[in-house]
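Along the sequence shown, residues carry numbers from 1. Atoms within each ligand, like the ligands themselves, are counted from 1 in listed order.
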Amino acid sequence: MDRISKAIELAAERRRSGKLEKKLPRSESALPFEYTKTRRIAVQPDVMRENRLIVGSDQQIIVDAYKLLRTRVLHRMQQNNWRTLGITSPGANVGKTLTSVNLAISVAMKHEHTVVLVDADLRRPSVNKCFGIEAEYGLLDYLEEGIPLDRILINPGIDGFVIIPSHNHGHALSSERLSSTRMERLVRELTERYPDRLVLFDLPPILVGDDVEAFSPYLDAFLIVVEDGKTDTAEYAKTIEILEHEDVLGTVLNKSDEIGHGYDYYY
Ligand SMILES: Nc1ncnc2c1ncn2[C@@H]1O[C@H](COP(=O)(O)OP(=O)(O)OP(=O)(O)O)[C@@H](O)[C@H]1O
Ligand SMILES: [Mg+2]
């Protein structure tokens, strides 16, 4: 077992031995959210395949790995009555967005669940790009301009799945926007209207800026993505330290060939 794998197992062991409760207080009633008006865009299957999305994939071993991740995530979320999950990583470019998108698709495949994937990486947003979709409006248009959600939400042709894209690169006030009262209101709107809905947030790397820490009060739990052979143990240890008082569901060891395929998941 290499060093990052050992570090992940050690962190999981520590998590099992004690946690703190910290959750966003729930408001009294749901706010209006016009889900039914969501724009549906049919995405080309070859675009999704090229971008490694599992829709229509014939690589069963990969589809199965994401389904396993989905089932474990859903169990933990249900056991704890959690609704919001943030996906982050120590550094950049390790596969957070791909993990978020394929996890969301796998959740939507289970018909009793619906899922919203919010592109909360205001520095390097890319969720809509995975689907080859150009977003007219994004999260910042809601937060800064008050553009209604039904003009922002996109359904990429998959039942039970909507995206809130982002498209403003390098936003100087990203952490302020993510921790704003409007953002808090959005999280409430997304979680309270449909009890079977899981809300996923594709976040920036935790060690780049304060976005993830600023947004953490609005999240029930975190999933950490690391890249085998790239994320080093010191970066991972720092991430675990920062998230010490948060609920961390587990760590995805991405791009690993340790057990003969490209994906692995430590719980
Ligand atoms: N398991 C994998 N196998 C092969 N390629 C992968 C895997 N995971 C991600 N990739 C590819 O690696 C690249 C980076 O992935 P992704 O955009 O998901 O990373 P990220 O952590 O979200 O990056 P950023 O920090 O810029 O947000 C993409 O081209 C993606 O398709
Ligand atoms: Mg990303």
Residue pairs fulfilling salt bridge (Lys or Arg N to Asp or Glu O under 4.0 Å) with at least one residue in residues 86-107, sequence neighbours excluded:
none
Quick check for you: within a radius under 2.8 Å, how many protein N, O or S atoms neighbour the Mg ion (ligand 2)?
1
Tell me every residue that passes side chain to side chain donor-acceptor pair (under 3.5 Å) with R49, counting only those two or more places apart in sequence or in another chain.
none
Distance under 4.0 Å to a non-hydrogen atom of N254: what atoms of ligand 1 satisfy this?
1 (N), 2 (C), 7 (C), 8 (N), 9 (C)
Has ligand 1 got any nitrogen or oxygen that is less than 3.5 angstrom from a nitrogen or oxygen of G91?
no
Classify the side-chain pair D228/S256 by whether it contains a donor and acceptor separated by less than 3.5 Å.
yes
Look at atom 7 (C) of ligand 1 and find which of K96, K129, K255, E50 reaches it with the closest heavy atom.
K255
Any residue meeting ring pair (Phe, Tyr, Trp, His ring centres under 6.0 Å) with Y142, in chain and number order, not counting sequence neighbours:
none
Residue pair F131 / V101, side-chain heavy-atom distance below 4.5 Å:
yes
Tell me which part of D121 gets within contact of ligand 1: side chain, backbone, both or neither, using heavy atoms under 4.0 Å.
side chain
Can you find an N/O atom of A92 closer than 3.5 Å to an N/O atom of ligand 1?
no
Taking 4.0 Å as the limit for heavy-atom contacts, which would you say applies to N93 with ligand 1: side chain only, backbone only, both, or neither?
both
State plainly whether the residues K238 and D232 are in salt-bridge range, i.e. N to O under 4.0 Å.
no
Short side-chain donor-acceptor distance under 3.5 Å, S174 and D211
yes
Hey, are R185 and E189 close enough for a salt bridge, meaning a charged N less than 4.0 Å from a carboxylate O?
yes
Return yes if some donor-acceptor pair links the side-chain N/O of T97 with the main-chain N/O of V127 below 3.5 Å, else return no.
no
Walk me through whether D159 and R40 qualify under salt bridge (Lys or Arg N to Asp or Glu O under 4.0 Å).
CA-CA 10 Å; D159 286 342; R40 192 175 172 107; 3.1 Å; yes
Would N51 count as being in polar contact with ligand 1, using the rule that some N or O on each side must be under 3.5 angstrom apart?
no
Could you tell me whether some N/O pair between R124 and ligand 1 is separated by less than 3.5 angstrom?
yes
N or O contact, L98 vs ligand 1, cut-off under 3.5 Å:
yes
